Structure formats: C-alpha cells, structure tokens
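These notes concern the structure reproduced below.
Every number for a ligand or one of its atoms is a count from 1 in the order of the listing. Not measured: the values here are computed from a predicted model.
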Amino acid sequence: MVADVLKGLAERSVKDDNIVQMEVPGCGELPVAARLMMATQKVDVVIAVGVLIDGATDGYTFMCEAVSNGLMNLQLTAAIPVIFGVLTCATPEQAEARATGDKSHAVDWAATAVEMGVLRSSQIGNSARAKASVGFS
Ligand SMILES: Nc1c(NC[C@H](O)[C@H](O)[C@H](O)CO)[nH]c(=O)[nH]c1=O
Ligand SMILES: CC(=O)[C@@H](O)COP(=O)(O)O
C-alpha cells in the first residue's frame with residue numbers, strides 16, 4: 001500500500017524530497033506517530049496507512065474506533081489533513097482485494113492527500129488574502 005501511495009504521489013508531481021516516512025508497530029500507534037511527524041516536520045498533509053483485520057476478540061472494534069477517532073481528532077486540532085489510509089476489514093481476503101492491484105485504495109489516498117494539501121495551502125498559506133478568507137489574522 002505504501003508503494004502505491006508513493007506511486008500516486010509521484011504521478012501527481014510530488015517530489016521525493018518532500019515526502020517523510022515513519023514506520024509504526026501497528027495501527028494503534030498511527031495517531032501518535034502522525035502527531036510526532038507534525039511536531040517535528042513541516043508537513044502539509046499526513047497519510048496514515050495500515051490494515052486492521054477482525055480477530056478473535058473485541059480488540060478490532062476498539063482499535064478501529066480508537067485509530068479513526070485519534071486521526072480525525074488530530075487533523076481537526078492541528079488543521080493538518082490526515083488521510084485515513086487504514087483498511088478495516090472482516091477478513092484477510094477483503095484486505096487483499098483493497099490493498100493490491102487495480103482496486104488498491106492507495107491511489108485514492110494519494111490523490112486525496114494532494115487535493116487536501118493544496119486546499120490547506122490555499123487557506124492558510126502565506127497570502128494574507130487567503131488567510132482573511134477563512135478568518136485567520
Ligand atoms: N490487530 C491489529 C493490530 N494490533 C496492534 C495494535 O495496532 C497496537 O500496535 C498494539 O495494540 C499496541 O498498542 N495492529 C494492526 O495494525 N492491525 C491489526 O489488525
Ligand atoms: C489490540 C489488538 O489489536 C489485538 O489484541 C486483537 O487481537 P485478536 O486478533 O485476537 O482479536
């Protein structure tokens with residue numbers, strides 16, 4: 001999925017030098033890693049990529065809620081878009097179908113990231129006029 005995201009970004013003329021990557025042990029660590037990335041790097045947008053697959057316990061349900069809420073809260077608080085590149089699947093087969101081939105969701109995540117990065121820049125970039133348009137001073 002990460003390779004497909006990088007391909008999608010390259011196709012949209014995002015330079016390698018402008019891409020920062022971090023790896024995490026599991027999806028549960030995505031929100032704090034995204035927060036750390038925002039704190040230590042100048043990022044326009046974060047794409048959080050992972051797979052959650054339903055298991056034997058309630059862990060999946062809690063993890064889906066915690067990760068999605070964590071990433072949503074983070075993007076709203078930081079005003080930096082966080083793309084939800086997390087597959088939440090009932091089975092490995094569902095995940096496979098969405099992570100690979102023509103149906104890979106990663107292409108959409110890259111496109112959405114670029115669109116939201118441009119949107120953010122247009123609203124809180126250096127232009128005083130742009131800032132005024134959303135009420136920042
Ligand atoms: N069950 C899955 C996990 N579980 C691990 C958590 O993400 C986390 O790393 C752990 O609870 C320690 O905080 N992670 C996945 O990425 N996908 C899963 O299906
Ligand atoms: C917290 C988890 O992701 C993990 O405990 C899920 O375990 P299981 O796959 O046995 O439900």
Worksheet item: Can you check whether Pro25 has an N/O within less than 3.5 Å of an N/O in ligand 1?
Response: no
Worksheet item: With a 4.5 Å limit on heavy-atom distance, are the side chains of Val82 and Met38 in contact?
Response: yes
Discussion item. Quick one: does any side-chain atom of Thr100 pair with a main-chain N or O of Ala97 as donor and acceptor, under 3.5 Å?
Written reply: no
Worksheet item: Based purely on interatomic distance, does Ala56 place a nitrogen or oxygen under 3.5 Å from a nitrogen or oxygen of ligand 2?
Response: yes
Worksheet entry | Side chain, backbone, both or neither: Val51 near ligand 1, heavy atoms under 4.0 Å | backbone
Donor-acceptor pairs under 3.5 Å, side chain of residues 11-36 to any protein atom, not counting sequence neighbours: which ones?
unit_1, atom_1, unit_2, atom_2, d
Arg12, NH1, Gly8, O, 2.9
Glu29, OE1, Gly26, N, 3.2

Worksheet item: Of the protein's non-hydrogen atoms, which lies at the shortest distance from atom 5 (O) of ligand 2, and what is that distance?
Response: Thr57 OG1, 4.5 Å
Worksheet item: Closest non-hydrogen protein atom to atom 4 (C) of ligand 2, residue and atom name please, with distance?
Response: Gly59 CA, 4.6 Å
Worksheet, complete the sentence: Near Gly28 (heavy-atom distance under 4.0 Å), the atoms of ligand 1 are 6 (C), 7 (O)
Item to complete: Could you tell me whether the side chain of Tyr60 reaches within less than 4.5 Å of the side chain of Thr88, counting heavy atoms only?
Response: yes
Practice prompt. Taking only heavy atoms of Met63 into account, list the atoms of ligand 1 that are under 4.0 Å away from them.
Written response: 6 (C), 11 (O)
Response to the item:
Per-atom filter on ligand 2: closer than 4.0 angstrom to a heavy atom of Gly55 are 9 (O), 11 (O)
Worksheet item: Do any nitrogen or oxygen atoms of Ile53 lie less than 3.5 angstrom from nitrogen or oxygen atoms of ligand 1?
Response: yes
Practice prompt. Provide, to 0.1 Å, the distance between atom 1 (C) of ligand 2 and the closest protein heavy atom, together with that atom's residue and name.
Written response: Met63 CE, 3.9 Å
